[in-house]
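In what follows, chains carry the letters A, B, and so on, assigned in the order in which the sequence lines appear, proteins first and then strands, with residues in each chain numbered from 1.
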Amino acid sequence: MKNYHDAFARTLDTVRTQSAAISDRSLPMYQVAFETDIDVLNYALTLEHLEAAFYEASGEYDLGTDGFGNNINEWMGVVGQHEADHVTTLTQVITDLGGMPVERANYDFGVTDAASFLATAMVLENVGVAAYDGAGQFIQNTDLLTAAGSIVAVEARHAAYLNLLNLESPFPAAFETPMTPDEVLGAAGGFITD
Amino acid sequence: MKITTADQMLHELTTATMNRRRMLINAGIASAALAAPITFGKVSAQMDATPDDVPFESPVDVLNYALTLEHLEAAFYRDGLASIGREGITTWGYQDTVFDNLVAIGEHEAEHVAVLTQVITDLGGMPVEEAMYDFGYEDAVGFLQVAQALEDTGVAAYQGAAQYLIDSDELLTAALTIHGVEARHAAYIALLNGAVPFPAAVNPTLTPAEVLEIATPFIVS
């Protein structure tokens, strides 16, 4: 049975031969990374599982009201449903392509209160955007690329809102900063317990 | 009929990437993946239809398409915020930081213009220039409604065009890093307008033809 360690380990194996960044804007570029589109999709699914599991606990904290008068608990429920939808869709597409979708793992997000819940949510969403942006170049099929784009845009929308809730700029720079799988593992791997 | 999320996504794909078949044929791609039923089955009915023309002949064309939209956005915020002013925003009950955030958005669009112009030039292309625009708003409320239309269109446009950069990893990644920022802008503007910042699990995708239909009325000359 596959688990997240396997997924991440395989991901790391495939990028171990990565070259130095060849772009003058230091975009992450590799000689070898994901071998197939299924690998990229499983990488995305790993993160979506993480996010979907995280938001299941949103009802445990009183998150209050945002500066626009919206009930934050209600909207975290919406965000969580989006992540669950992404899990369902990616699992289905990977299966239809003949792949083996990674399964949900066990997580420990270290959340103790409303503030740490929203701070962790912000990290997850921003890492999610950076992960998709870093992995997009490895997708070989145009349809799957468009599908990934339609998900990452929603992650970016989530990230903007969560930044605001954490009193950060919703759009800190004119360009997103893509992350390599290594960097994503460093940022989110600690949440995975087994 | 119950529509699952996967179906909805596939509907997005099949309706928004009308030129896919032609692209794939041109690229000579005939892999087993093409036969995967859920991803491609729905397009098979279109086999006999006349394929649309590929909208872009080169990466430079794709970048100029993006630049056209970025010019539109950059001019919109630059001129609009200059004429409305900080008071024009706060008068409508928005917090003071809203004006600063709108200025930041405008600066992002200007940066996108500068970078795209530079990259197109570096690639030996001729970057499109800023045009004359008429956005038709009369006050801050109208301004923010147009802003939402522009940002939502921008996100959907990058999504629809990304596939045409698939053979150029660096340009694709660069486009994606702009795409995400447009989505952040769109979410924020939606909040200002009392709308949901993330209306669906899957962001809509627009073809170049659909985008031009939305954007062209703003372009005077």
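Residue N101(B) touches chain A through both its backbone and its side chain, counting heavy-atom pairs closer than 4.5 Å. For A130(A), no part lies near chain B; criterion is any non-hydrogen pair under 4.5 Å. Neither the backbone nor the side chain of D37(A) comes within less than 4.5 Å of any heavy atom of chain B.
Between the T193(A) side chain and the N106(A) main chain, a donor and an acceptor come within less than 3.5 Å of each other. The backbone N or O of T180(A) lies less than 3.5 Å from a partner atom in the side chain of E183(A), making a donor-acceptor pair. In this structure, the side chain of S168(B) does not engage the main chain of L165(B) through any donor-acceptor pair within 3.5 Å. A distance-only check finds a donor-acceptor pair linking the side chain of D139(B) to the backbone of V141(B) [under 3.5 Å]. Put simply, the side chain of E210(B) gets close to the backbone of T207(B): a donor and an acceptor are under 3.5 Å apart. With D133(A) contributing its side chain and T177(A) its backbone, the two residues share no donor-acceptor pair below 3.5 Å. Side chain of N203(B) to main chain of V155(B): no donor-acceptor pair is present (N/O by atom type, distance under 3.5 Å, no hydrogens or angles). Between the side chain of D39(A) and the main chain of F34(A), no donor-acceptor pair closer than 3.5 Å is present.
The contact list for residues 67-81 of chain B toward chain A, using heavy atoms and a distance under 4.5 Å, is empty. At a heavy-atom cut-off of under 4.5 Å, chain B is reached by D66(A), F68(A) from residues 55-69 of chain A, listed in order of number. Heavy-atom neighbours of chain B within the stretch residues 158-165 of chain A, taken at a separation under 4.5 angstrom, comprise H158(A), A159(A), A160(A), Y161(A), N163(A), L164(A).
Shown here for Q137(A) and L172(B), the closest heavy-atom pair between the two residues is CA-CD2, 3.7 Å.
Ring centroid separation for the pair F109(A) and F117(A) does not come in under the 6.0 Å cut-off. Ring-centre distance between Y107(A) and F191(A): not below the 6.0 Å cut-off. The aromatic ring centres of Y188(B) and F171(A) sit less than 6.0 Å apart.
Of the listed residues (D100(B), V181(B), T97(B), V196(B)), the greatest number of heavy-atom pairs within a distance under 4.5 Å of chain A belongs to V181(B). Across I105(B), I166(B), I178(B), the residue that shares the most heavy-atom pairs under 4.5 angstrom with chain A is I166(B). Considering only heavy-atom pairs separated by less than 4.5 Å from chain A, the leading option among H179(B), E107(B), Q159(B), E109(B) is Q159(B). If you tally non-hydrogen atom pairs under 4.5 Å between each of P170(A), S169(A), G136(A) and chain B, the highest count goes to P170(A). In terms of heavy-atom pairs under 4.5 Å with chain A, the best-connected choice from A187(B), A200(B), A186(B) is A200(B).
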Yes or no on side chain to side chain contact (heavy atoms under 4.5 Å, CB included) for V202(B) and T89(A), after CA distance, side-chain angles and deciding distance?
-> CA-CA 10 Å; V202(B) 177; T89(A) 301; 5.7 Å; no

Check your understanding: Stepwise, does the salt bridge (charged side-chain N to carboxylate O under 4.0 Å, His left out) test hold for E176(A) with R184(B)?
Key -> CA-CA 10 Å; E176(A) 301 289 340; R184(B) 289 173 186 264; 2.6 Å; yes

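Considering only heavy atoms from C-beta on, I72(A) comes within 4.5 Å of M76(A) through its side chain.
When only modelled atom types and interatomic distance are considered, D143(A) and T146(A) share no side-chain donor-acceptor pair under 3.5 Å.
Counting only residues at least two apart or on different chains, no salt bridge (Lys or Arg N to Asp or Glu O under 4.0 Å) pair has a member in residues 68-79 of chain A.
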